[in-house]
2 protein chains.
Amino acid sequence: MTMSSSSTGGRRRPPTIHDVAREAGVSRGTVSRVLNGGHYVSPAAQEAVNDAIRRTGYVVNRHARSLITGRSDSIGFLLTEPQERFFEDPNFNVLLSGCTQALAGHDIPLLLMLAGTKDERRRITRYITAGHVDGVLLVSSHSGDRVAEELREAGVPLVQCGKPMGPGSKVSYVAADDRDGARDMVRHLLDTGRRRIGMITGPLDTPGGVDRLAGYREVLTEAGAESDEGLVVSGDYSRASGEAGAERLLAQAPDMDALFVASDLMAQGALAALHRAGRRVPDDIAVGGFDDSVAATEAVPALTTIRQPYDRISAEMVRLLLAQIGGEDPAAVILPTELVVRDSA
Amino acid sequence: MTMSSSSTGGRRRPPTIHDVAREAGVSRGTVSRVLNGGHYVSPAAQEAVNDAIRRTGYVVNRHARSLITGRSDSIGFLLTEPQERFFEDPNFNVLLSGCTQALAGHDIPLLLMLAGTKDERRRITRYITAGHVDGVLLVSSHSGDRVAEELREAGVPLVQCGKPMGPGSKVSYVAADDRDGARDMVRHLLDTGRRRIGMITGPLDTPGGVDRLAGYREVLTEAGAESDEGLVVSGDYSRASGEAGAERLLAQAPDMDALFVASDLMAQGALAALHRAGRRVPDDIAVGGFDDSVAATEAVPALTTIRQPYDRISAEMVRLLLAQIGGEDPAAVILPTELVVRDSA
DNA sequence: TTCTCTACTGTGAACGCTCACAGAGCAGGG
DNA sequence: CCCTGCTCTGTGAGCGTTCACAGTAGAGAA
């Protein structure tokens with residue numbers, strides 16, 4: 001009934017495991033065992049300890065625990081893109097909340113780390129290698145990025161979103177099947193009678209950018225199309241680059257009757273450019289996007305696109321990371337995409 | 001010239017302060033002093049230690065440090081809004097990068113924590129009170145939110161963005177002068193000949209929402225306007241709510257010749273609604289926003305708005321938080337706003 | 001009985017760091 | 001000469017926890 005002084009508001013020193021042990025009439029070891037699953041603890045001791053914890057208001061000191069276990073029970077979501085991209089691209093939102101949710105099931109908090117500049121990357125890398133998180137969910141596509149390598153070398157469990165650029169890289173990753181998705185879209189455009197199909201690619205220093213272009217080219221070649229000379233320009237997944245890309249394509253290939261854009265956000269930009277040029281979508285020109293983000297449904301007309309299963313991607317990323325933290329070897333997961341037909345194609 | 005084995009890829013045990021001491025030929029104490037500012041260390045020792053750190057690839061183990069200092073040398077940026085709002089509202093972007101930059105000067109990493117749901121808030125609050133961050137920059141406006149109180153009771157240094165709702169609250173905060181900003185905007189609308197001025201307010205359970213409305217009413221009253229009956233509706237700062245608000249106002253007060261909207265994002269929505277209704281801006285109706293975010297310059301026509309000095313706000317938040325961590329008492333800072341005239345009014 | 005096995009418990013020894021303290025060396029003042 | 005004060009250095013203790021180990025008691029088997 002009586003509250004021990006340590007549970008009142010203005011306490012000085014937080015109670016330690018030692019205080020709990022004294023209060024419960026057992027040893028530190030027993031308290032620790034209760035805290036960590038309760039194996040080899042008698043029911044009587046179990047109860048006495050739980051009571052004492054309640055009475056003292058004891059909270060485990062995670063720094064002390066981490067010091068010895070080497071674990072921190074938290075996970076970092078590291079984004080090495082410029083900050084604007086993070087806010088502009090709706091995919092990040094979906095990915096982030098997916099990961100947060102997947103981790104919530106394990107009661108692990110997710111720490112978001114934005115490292116857009118070189119300086120930030122240095123600071124955050126040091127923070128991570130100092131053991132402040134048990135593992136990192138890395139979202140970064142560009143090949144010039146050394147962060148993944150650095151973290152891997154430092155022995156930090158890591159799962160990347162999207163295929164890494166280097167071929168022999170031993171890093172875990174989860175990705176959608178970009179090539180296959182691109183093939184589906186281009187086939188759909190061909191099936192609906194389009195013949196002059198242009199493409200705005202993603203950044204070609206990323207596997208996603210390269211693979212979607214490869215899928216596009218494969219299908220066109222299989223269909224017996226001649227060269228795609230003048231039909232391909234590349235962007236950086238931003239809205240603005242989609243707009244600029246479409247303008248360039250319209251100038252280079254005015255007879256284009258379809259346009260495959262490697263992200264919905266770029267496709268939004270492309271739609272704006274097409275609209276300005278007086279082309280009706282899909283009557284004059286069909287437009288296909290990629291991602292199936294909110295940008296696809298918000299676009300006018302709503303975009304036909306390739307759905308990336310972000311819910312499954314984030315779930316798999318978390319699963320792989322926890323497995324890796326548990327000692328398993330890195331692994332790669334490729335998930336299938338799906339064609340979503342709306343109004344633009 | 002030779003690299004110690006610990007700096008190669010597959011190291012087992014990370015180097016400790018002890019390894020560095022041995023490598024440098026000094027004691028643990030001296031290494032520790034170098035690590036913590038280098039006071040009372042001879043130049044020769046200083047250099048030897050720095051060399052040894054470089055050679056061994058030593059990174060301080062922050063758990064061990066934290067265990068004894070009680071500090072974690074990191075700061076949390078806590079957002080208790082639903083996640084969509086975070087991505088939609090460009091103000092968060094600006095605020096976040098401002099804080100990151102301000103902290104970079106102190107070499108302190110910023111951890112972003114999104115706690116949109118009750119469950120997330122519980123997890124994150126526990127994480128914070130367990131001492132994982134030294135202080136919290138809190139962005140959350142709603143009054144129903146108990147997070148600020150909880151953290152303050154747990155003794156966590158805290159600075160809020162925006163005035164807290166409760167009157168007697170002892171929590172630090174930094175805010176722009178919302179009332180004064182609103183006054184400036186409404187005066188500007190009056191000065192340019194407008195007479196029937198409507199308003200879309202922010203959420204009225206936030207001081208920002210209340211104060212901007214108060215400023216609006218004061219100026220109208222001073223100008224001798226009759227009741228604003230039917231001229232005021234409220235939104236939640238989202239684009240969609242601005243659109244809906246403008247529609248409602250158009251129905252209630254078709255003779256309105258100006259509209260003051262409590263955020264640029266809502267103003268964007270309002271512009272869309274006005275456009276649909278065939279009203280020309282600013283010819284038929286003037287529109288004034290609030291924030292001066294990118295939404296203001298992206299809007300068509302570009303928004304006349306009230307600039308919130310987000311760069312100074314974030315700098316002040318960081319300054320206040322660091323001061324509070326250093327033992328100073330909480331304080332409040334109110335920063336002036338500025339009228340920015342563009343095309344919409 | 002005695003021995004073994006199992007369930008449970010307590011005790012040092014870490015983990016890697018900082019902090020307080022003591023002590024060395026040297027200068028300057030009485 | 002000693003004393004004081006300064007800069008610099010090393011050492012032991014301890015932060016709060018887990019882990020390995022040793023040791024106890026009681027049950028069952030030999």
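All chains are named by letter (A, B, ...) in the order of the sequence lines, taking the proteins before the strands, and each is independently numbered beginning at 1. Bear in mind the structure is a predicted one, so any value in this text is a computation, not a measurement.
Take A:Arg152 and apply the side chain to side chain contact (heavy atoms under 4.5 Å, CB included) test, not counting sequence neighbours, and it matches A:Glu149, A:Lys170, A:Val171. Residues satisfying the salt bridge (charged side-chain N to carboxylate O under 4.0 Å, His left out) criterion with B:Arg62, sequence neighbours excluded, are absent altogether. Checked against side chain to side chain contact (heavy atoms under 4.5 Å, CB included), A:Arg22 has the following partners two or more places apart in sequence or in another chain: A:Asp19. Qualifying salt bridge (charged side-chain N to carboxylate O under 4.0 Å, His left out) partners for B:Arg312, counting only residues two or more places apart in sequence or in other chains: none. A:Phe92 is linked by a ring pair (Phe, Tyr, Trp, His ring centres under 6.0 Å) to A:Phe86, counting only residues two or more places apart in sequence or in another chain.
For the pair A:Ser42 and C:dT9, the criterion of a side-chain N or O lying under 4.0 Å from OP1 or OP2 is met. A sub-4.0 Å separation between OP1 or OP2 of D:dT17 and a side-chain N or O of A:Thr69 is absent.
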Write out a two-atom table: protein N or O, nucleotide N or O from nucleotides 10-15 of chain D, distance below 3.5 Å.
residue: D:dG10; atom: OP2; partner: B:Ser27; partner atom: N; Å: 2.9
residue: D:dG10; atom: OP2; partner: B:Ser27; partner atom: OG; Å: 3.0
residue: D:dG10; atom: OP2; partner: B:Thr30; partner atom: OG1; Å: 2.8
residue: D:dG10; atom: N7; partner: B:Arg33; partner atom: NH2; Å: 3.1
residue: D:dG10; atom: O6; partner: B:Arg33; partner atom: NH1; Å: 3.3
residue: D:dG12; atom: O6; partner: B:Arg28; partner atom: NH2; Å: 2.5
residue: D:dA13; atom: N6; partner: B:Arg28; partner atom: NH2; Å: 3.0

Pairs: protein N or O with nucleotides 5-7 of chain C N or O, under 3.5 Å:
none

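Within the structure, no pair that satisfies the ring-ring contact (aromatic ring centres under 6.0 Å, His included) test touches residues 97-124 of chain A, not counting sequence neighbours. Evaluation of the ring-ring contact (aromatic ring centres under 6.0 Å, His included) test over residues 16-44 of chain B, restricted to residues two or more places apart or in two chains, returns none. Applying the salt bridge (charged side-chain N to carboxylate O under 4.0 Å, His left out) test to pairs two or more places apart or on separate chains, those with a residue in residues 29-52 of chain A are A:Asp51-A:Arg54.
Going from atom CZ of B:Arg62 over to atom C1' of C:dC17 covers 13 Å, rounded to whole Å. A straight line from CZ of B:Arg22 to P of C:dG16 spans 13 Å, rounded to a whole angstrom. When rounded to the nearest whole Å, the span between CG of B:Asn36 and C1' of C:dG16 equals 13 Å. Spacing between atom NE2 of A:His18 and atom P of D:dT18 amounts to 14 Å, rounded to whole angstrom units. As a whole-Å value, the separation of A:Ile17 CD1 from C:dT11 P is 14 Å. If you take CD of B:Gln46 and C1' of D:dT9, they are 14 Å apart, rounded to a whole angstrom.
Both B:Arg65 and A:Ala44 lie close to DNA chain C; mapped to their nearest nucleotides by heavy-atom distance, the more 5′-ward contact belongs to A:Ala44.
If you check C:dT9, D:dT18, C:dC17 against the side chain of A:Ser32, the one that comes closest is D:dT18.
By the 30° and 60° cut-offs, the orientation of the rings of A:Tyr127 relative to A:His132 is parallel.
Proximity of a side-chain donor or acceptor of B:Thr129 to a complementary backbone N or O of B:Thr125 within less than 3.5 Å is detected.
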Please tabulate, one pair per line, all N/O donor-acceptor pairs under 3.5 Å involving side-chain atoms of residues 317-335 of chain B, not counting sequence neighbours.
residue: B:Arg319; atom: NE; partner: B:Glu316; partner atom: OE1; Å: 3.3
residue: B:Arg319; atom: NE; partner: B:Glu316; partner atom: OE2; Å: 3.4
residue: B:Arg319; atom: NH2; partner: B:Glu316; partner atom: OE1; Å: 2.8
residue: B:Gln324; atom: OE1; partner: B:Ser172; partner atom: OG; Å: 3.2

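Between its two ends, the helix from C:dT1-D:dA30 to C:dG30-D:dC1 turns its axis by 60°, counting five pairs per end and rounding to 10 degrees.
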